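Below, chains carry the letters A, B, ... as their sequence lines are ordered, and counting in each starts from 1. Just so you know, these numbers come straight off a predicted model, no measurement behind them.
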Amino acid sequence: MNRELLVLIGKAIASLFLIANYGLILSGVMYKIIARVHGRFGPPVWQPYINLFKLLSMRTAVSHGIMFYLGPIFRITGGVGLYLLIPAVYGSSWLSNFSFSGDIILVLYFIFFGMLGMALGAAESGHPYSAIGVMRGLAQNTASELPFVLAVLALVAQYKTLSITGIVAAQQGGFANWTVFTNPLATIAAMLAFIGMMHRSPFDVHLAPQEIPVGPPTEFHSSYLFMMSFNRAFFGSAKLVLFANLFFGGATSIPELVAKTFLIMLWTVFVGVVFPRYRLEQSVRWLLKVPTLIGLLALALQMF
Amino acid sequence: MDDRKMKHRSPVPEEELLSPDAFLAPEERGLFCQDRPEPVEPSKVKIVRDFCNWAQANSIFILAFGTGCGAIEMRPLFTARYDISRYGMFPRPTPRMSSLFIIGGYASVKTMKRIVRSYEQMQNPKFVMGLGSCTVNGGMYYDSYNTVKRLDHYIPVDAYVAGCMPRPESLIAGFRRIKKLIMEGKAEGANEYAKNFEWYKRNQRRIIKDWNMPEYNW
């Protein structure tokens, strides 16, 4: 193996290590914030780490078949792949990851990749609640993808590039160049779709984490659940980084990245703790109505 | 009435109590795993074992089975007043993910079947807490014809919280007791169940009349 390849792999591992820890701490902080809004103390900030260790230390695990094994692997591949295709810090040699020209299309695909794998894995478990959760999850994700894709297309038309690095480069040079100011309609459409993409209330009916139908992960346990929980650290923060890149000027340093992604996450958390849950048809209808129309308007303004 | 007097109600003769497949229709036998559970010992390395126990004790996913009236005392635990999430305890809806099984009150014979099925679907290590006096000795249902008197005849129980009903504070005391047992490595109910499988199965089959489930249903 040549030296350049080894350096590249080393950089990717360092980048993944950083984002995994950031994602875990971020979800710990998020649980704390939600608890404080509820008037509770909440779990400690490092609780996501303990949960992961605990899931790894389970002594037994049962399988329902090959796809059941592959479901969580697809999921974590989707999360890691998505993160590695997005430049986390603009201009950094190791946090630019593997972003290349034309990557926005691949990123849009990768957001869906893990969910499809998960759907196959959950279906193999044979549990009816898994099937219901998968059906609801895919329906809602499709509905939230549409306004997001429209917003991204508006951006592509605006900046005339498919590269995320190109979009970030076009936003450098001050606040006024950020997409949120140059293209507010696309930003609004994407930020509304983002709540659905992050599966936060009011769009969390398919997960319903503390009720009888827990959704797709009903049958997953032990190390399977470890992989799925660990994936949240990658997948959640990758989406945050993507939104910071597309709409808020990206980041030129790690502190800037942390500040921007944290504020974007707060938006979903605050909406989540304030609003009660939508039923599936309500959420799909809302997503296809409000953000999609705003996204269409944003795209139309760019095209004509 | 003692649980043992219930054996006469069983439609199955004593000698058939432990024969596998005795209760499943032939066409259904291939659908289920008939293997019996195997005890899985913790790591021999002390530091690994202690670390696993620490992680198990500080992240407990609860499967709360509201079998009886005592279950109503579990709800306040998740509210701002008691908030057990600060101890790293979270409710989970499925037995697969959970590690602490709370039996919320009296267990009738009919419920016992569901308790056994849920318990067997949980993964090793798993812990059980009996809530209320009815799980200890039947409580106010001591002379009921269809209520189980001693829960630990049927599944291994790590801690009991006595009371009718126990206040949420008592439940928190019970959780602390369970955490202490886990940290000390003394909460090995899953292995105990696997080692004394015949004894538990015999007890379960004595009271569960319509046993239309496999020998061990994980």
Kindly give the heavy-atom pair with the smallest separation between A:R59 and B:E41, and that separation in Å.
-> CD-O, 4.2 Å
Which pair of heavy atoms, one from A:S57 and one from B:P125, lies closest together, and at what distance?
-> O-CD, 4.4 Å
Test item: [X] and [Y] side chains (from C-beta on) under 4.5 Å apart, heavy atoms:
X: A:P43; Y: B:R86; value: no
X: A:M58; Y: B:Q56; value: yes
X: B:Q123; Y: A:V62; value: yes

Look up atom [atom1] in [X] and atom [atom2] in [Y], then write down how far apart they are to the nearest 0.5 Å.
X: A:L55; Y: B:F61; atom1: CG; atom2: CZ; result: 5.5 Å
X: B:N58; Y: A:K54; atom1: CG; atom2: NZ; result: 10.5 Å
X: A:H221; Y: B:R92; atom1: NE2; atom2: CZ; result: 14.0 Å

Residue-level interface, residues 71-82 of chain B with chain A, non-hydrogen cut-off under 4.5 Å = B:F78, B:T79, B:A80
Checking heavy-atom separations under 4.5 Å from chain A, one finds in residues 172-193 of chain B B:E188, B:N191
Under 4.5 Å from any heavy atom of chain A, what part of [X] do you find: side chain, backbone, both or neither?
X: B:I60; value: backbone
X: B:P42; value: both
X: B:E38; value: neither

Which residues share a side chain to side chain donor-acceptor pair (under 3.5 Å) with A:Y49, sequence neighbours left out | A:N21
Counterpart residues, side chain to side chain donor-acceptor pair (under 3.5 Å), relative to A:N51 (two or more places apart) = A:Q47, B:S59
Can you establish whether the number of heavy atoms outside A:I66 located under 6.0 Å from its atom CD1 is more than 12?
-> no
Looking only at A:F53, A:Y224, A:F220, most heavy-atom pairs under 4.5 Å shared with chain B are made by A:F53
Is the side chain of B:D83 donor-acceptor paired with the backbone N or O of A:F41 at a distance under 3.5 Å, no angle test?
-> yes
Residue among B:S98, B:S99, B:G88, B:A55 with most heavy-atom pairs under 4.5 Å to chain A = B:A55
Under 4.5 Å heavy-atom distance to chain B, tell me which part of A:L225 shows up: side chain, backbone, both or neither.
-> side chain
